[in-house]
Amino acid sequence: QGELVESGGGLVQAGGSLILSCAASGSTFGIYVMAWFRQAPGKEREFVAAINPDRSRTYYGDSVKERFSISRDNGMDTVYLQMNRLKPEDTAVYYCAASTSEKYMVQSWNYASWGQGTQVTVSS
């Protein structure tokens, strides 16, 4: 699938919104499960959201459900993360990831391809 490149991170006040994008190179984007994970300093990598190739299945981490929304545009080879009502505890580096399997969509070890990450900082 080639490279995954995240963009859209930045500094935002609590209660605000951001949209992250992950652009995938290659011509097989449409067969991959796509996901977002995040990692804050001193913390383990945390599952955020995932979406399967035909968009029939989505999953969200407990800490972000009802606030974040994942979507994908297979024609543009891009996955998005709409983040609303942001909280200071959402501050982290956000990573895009891709997997060939839908069996373990919330498990980080199931993802073989990762982007370099984009920093999201939420101030209070």
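Along the sequence shown, the residues carry numbers beginning at 1. Since the model is a prediction, treat every value here as computed from it, not as a measurement.
- To the nearest 0.5 Å, atom CZ of residue Arg38 and atom CD of residue Gln119 are 12.0 Å apart.
- In summary, Asp77 and Arg72 do not engage in a salt bridge, as defined by a charged side-chain N under 4.0 Å from a carboxylate O.
- Val106 and Tyr111 end up in the same hydrophobic cluster when Ile, Leu, Val, Met, Phe, Trp and Tyr side chains are linked at under 4.5 Å.
- The two residues Lys43 and Gln39 come nearest to each other via the heavy atoms O-NE2, 3.1 Å.
- Annotation: side chain of Gln107 is not in contact with side chain of Ser101 (no heavy-atom distance under 4.5 Å).
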For this session: Quick one: do Phe37 and Tyr95 satisfy ring-ring contact (aromatic ring centres under 6.0 Å, His included)? Show the steps, please.
Result: CA-CA 5 Å; Phe37 292 80; Tyr95 297 93; 8.9 Å; no
Exercise. Given Glu6 and Trp36, is the side-chain contact (heavy atoms from CB on, under 4.5 Å) satisfied, shown in steps?
Worked result: CA-CA 10 Å; Glu6 303 96 335; Trp36 292 93; 3.8 Å; yes
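- Taking CG of Asp54 as the start and CD1 of Ile31 as the end, the distance is 13.0 Å to the nearest 0.5 Å.
- When the options Ser71, Ser113, Cys96 are evaluated for a side-chain contact (heavy atoms from CB on, under 4.5 Å) with Met34, the one that passes is Cys96.
- Between Met83 and Val120 the shortest side-chain heavy-atom distance falls below 4.5 Å.
- Summarising the geometry, atom CG belonging to Asn52 is positioned 11.5 Å from atom OG belonging to Ser99; distances are rounded to the nearest 0.5 Å.
- Between the side chain of Thr118 and the backbone N or O of Gly9 there is at least one donor-acceptor pair closer than 3.5 Å.
- Residue Val5 is not grouped with residue Ile51 when hydrophobic side chains (ILVMFWY) are merged at heavy-atom distances under 4.5 angstrom, including chains of intermediate members.
- A donor-acceptor distance shorter than 3.5 angstrom exists from the side chain of Tyr60 to the backbone of Ile70, with no hydrogens or angles considered.
- In Gln116, the CD atom is not crowded: 12 or fewer heavy atoms of neighbouring residues, nucleotides or ligands sit closer than 6.0 Å.
- Judged by distance alone, the side chain of Ser63 and the main-chain N or O of Gly61 form no donor-acceptor pair under 3.5 Å.
- Counting heavy atoms from C-beta on, the side chains of Asp90 and Phe68 come closer than 4.5 Å.
- Seen from the ring of Trp114, Arg45 counts as a face-on cation partner, given the 6.0 Å and 45° thresholds.
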Problem set entry | Stepwise side-chain contact (heavy atoms from CB on, under 4.5 Å) test for Leu86 and Leu18 | CA-CA 8 Å; Leu86 283 160; Leu18 284 174; 4.2 Å; yes
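- Here the shortest heavy-atom pairing between Asn84 and Gln82 reads OD1-NE2, 2.9 Å.
- Counting all heavy atoms, side chain and backbone alike, Ala14 lies closest to Pro88 at CB-CD, 4.1 Å.
- Residues Val93 and Gly117 approach most closely at CG1-CA, 3.8 Å, considering heavy atoms.
- Taking CD1 of Ile19 as the start and CG of Leu81 as the end, the distance is 9.5 Å to the nearest 0.5 Å.
- Distance alone, capped at 3.5 Å, places no donor-acceptor pair between the Arg57 side chain and the Pro53 backbone.
- Minimum heavy-atom separation, Tyr80 to Asp73: CE1-CB, 4.2 Å.
- Looking only at distances, no side-chain donor or acceptor of Gln13 sits under 3.5 Å from a matching main-chain atom of Ser123.
- Looking at Ser108 and Glu46, their side chains never bring a donor and an acceptor atom within 3.5 Å of each other.
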